[in-house]
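First up is the structure itself, then whatever we jot down about it.
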Amino acid sequence: MTTETNSVLDSVKDAFAPVTDALKNLEVPEAAREFVKKSVNTAKDRAADLHANSEKMTDAIETAVAGSVSEVAKISRNIQQALFQDAEAFFAGIQNLASAKSLSEAAQIQSDMVRARGEVLVSRAKATSE
């Protein structure tokens with residue numbers, strides 16, 4: 001049964017080999033990469049503005065209320081910082097993807113991004129448990 005399955009898989013791979021080869025060498029136009037880069041820069045600026053405004057709001061809450069709220073504000077800051085770092089990493093990843101000149105290069109960049117995000121999540125989980 002596995003020989004038959006492998007034979008079928010090999011014939012499917014062979015049938016799609018020209019398409020796969022064509023996609024490996026497919027180049028992304030410069031205009032498209034520039035558009036994505038500009039869009040990412042705009043989104044990064046907006047994320048930074050949102051982060052700055054959330055910091056101001058947290059400062060106002062922290063000043064207005066004492067005691068136990070300071071601990072909530074600290075947690076809120078940590079969450080805000082994590083969200084901002086995630087947004088920055090996402091936009092940096094998009095910029096890296098926009099600079100890819102082939103689909104195989106884009107796939108490698110995406111793989112690296114996923115691995116890096118996994119490492120960040122593990123380190124945050126460790127820090128939270130401590």
Side-chain angles (χ1 to χ4, degrees):
M1 178 90 179
T2 58
T3 305
E4 292 173 7
T5 305
N6 288 340
S7 175
V8 170
L9 289 175
D10 289 340
S11 62
V12 169
K13 286 180 187 177
D14 291 341
F16 283 98
V19 175
T20 304
D21 291 341
L23 289 176
K24 285 181 183 175
N25 297 323
L26 183 67
E27 289 194 21
V28 179
E30 181 66 27
R33 293 195 309 264
E34 286 303 316
F35 173 76
V36 171
K37 288 178 183 179
K38 287 179 184 177
S39 298
V40 168
N41 285 334
T42 300
K44 282 176 67 175
D45 291 343
R46 289 183 180 165
D49 289 344
L50 178 64
H51 180 255
N53 288 336
S54 68
E55 283 288 328
K56 289 177 186 176
M57 182 180 71
T58 301
D59 285 342
I61 291 171
E62 195 172 15
T63 301
V65 183
S68 64
V69 174
S70 66
E71 203 53 41
V72 171
K74 182 178 174 183
I75 293 169
S76 176
R77 284 182 192 279
N78 290 339
I79 291 170
Q80 290 168 7
Q81 187 64 31
L83 290 172
F84 181 66
Q85 288 171 349
D86 288 347
E88 281 189 319
F90 174 76
F91 294 134
I94 296 297
Q95 281 184 317
N96 286 342
L97 281 174
S99 64
K101 294 184 180 178
S102 69
L103 289 179
S104 59
E105 185 179 353
Q108 181 61 46
I109 291 169
Q110 177 67 24
S111 174
D112 293 345
M113 284 175 29
V114 169
R115 185 177 35 18
R117 295 311 305 151
E119 292 170 0
V120 167
L121 291 174
V122 167
S123 68
R124 283 184 186 160
K126 286 180 181 177
T128 301
S129 66
E130 292 173 3

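As the structure is a computational prediction, the values presented were derived from the model and not from experiment.
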Can K126 and L121 be said to form a side chain to side chain contact (heavy atoms under 4.5 Å, CB included), step by step? CA-CA 9 Å; K126 286 180 181 177; L121 291 174; over 6 Å; no

Mind checking what makes side-chain contact (heavy atoms from CB on, under 4.5 Å) contact with N78, not counting sequence neighbours? K74

Is it the case that the side chain of T58 and the backbone of S54 share a donor-acceptor pair, with hydrogens and angles ignored and the cut-off at 3.5 Å? yes

Residue list, side-chain contact (heavy atoms from CB on, under 4.5 Å) with V114, at least two apart or on another chain: Q110

What are the two closest heavy atoms between R117 and A89, and how far apart are they? NH1-CB, 3.4 Å

Who are the side-chain contact (heavy atoms from CB on, under 4.5 Å) partners of E119, not counting sequence neighbours? R115

Hphob cluster co-occupancy, L83 + I75, side-chain heavy atoms under 4.5 angstrom: yes

Can you name the ring pair (Phe, Tyr, Trp, His ring centres under 6.0 Å) partners of F91, sequence neighbours left out? none

Linked, directly or transitively: F90 and V36 (ILVMFWY side chains, under 4.5 Å): yes

Would you check if Q108 and N96 make a side-chain contact, meaning some heavy-atom pair closer than 4.5 Å? no

Pairing residues for D59 by the salt bridge (Lys or Arg N to Asp or Glu O under 4.0 Å) criterion, not counting sequence neighbours: R77

Note: A106 and L97 closest approach over all heavy atoms is O-CD2, 3.3 Å

What's the spacing between K101 NZ and E30 CD if we round to 0.5 Å? 7.5 Å

Heavy atoms only: give me the nearest A100-I109 pair and the separation to one decimal. CB-CD1, 4.0 Å

Check residues 40-50 and write down every donor-acceptor pair under 3.5 Å in which the side-chain atom is one partner and the other belongs to a residue at least two apart or another chain.
| from | atom 1 | to | atom 2 | distance (Å) |
| --- | --- | --- | --- | --- |
| N41 | OD1 | Q95 | NE2 | 2.8 |
| N41 | ND2 | K37 | O | 3.4 |
| T42 | OG1 | K38 | O | 3.1 |

Determine whether M57 and N53 satisfy the following criterion, side chain to side chain contact (heavy atoms under 4.5 Å, CB included), listing intermediate values before the conclusion. CA-CA 6 Å; M57 182 180 71; N53 288 336; over 6 Å; no

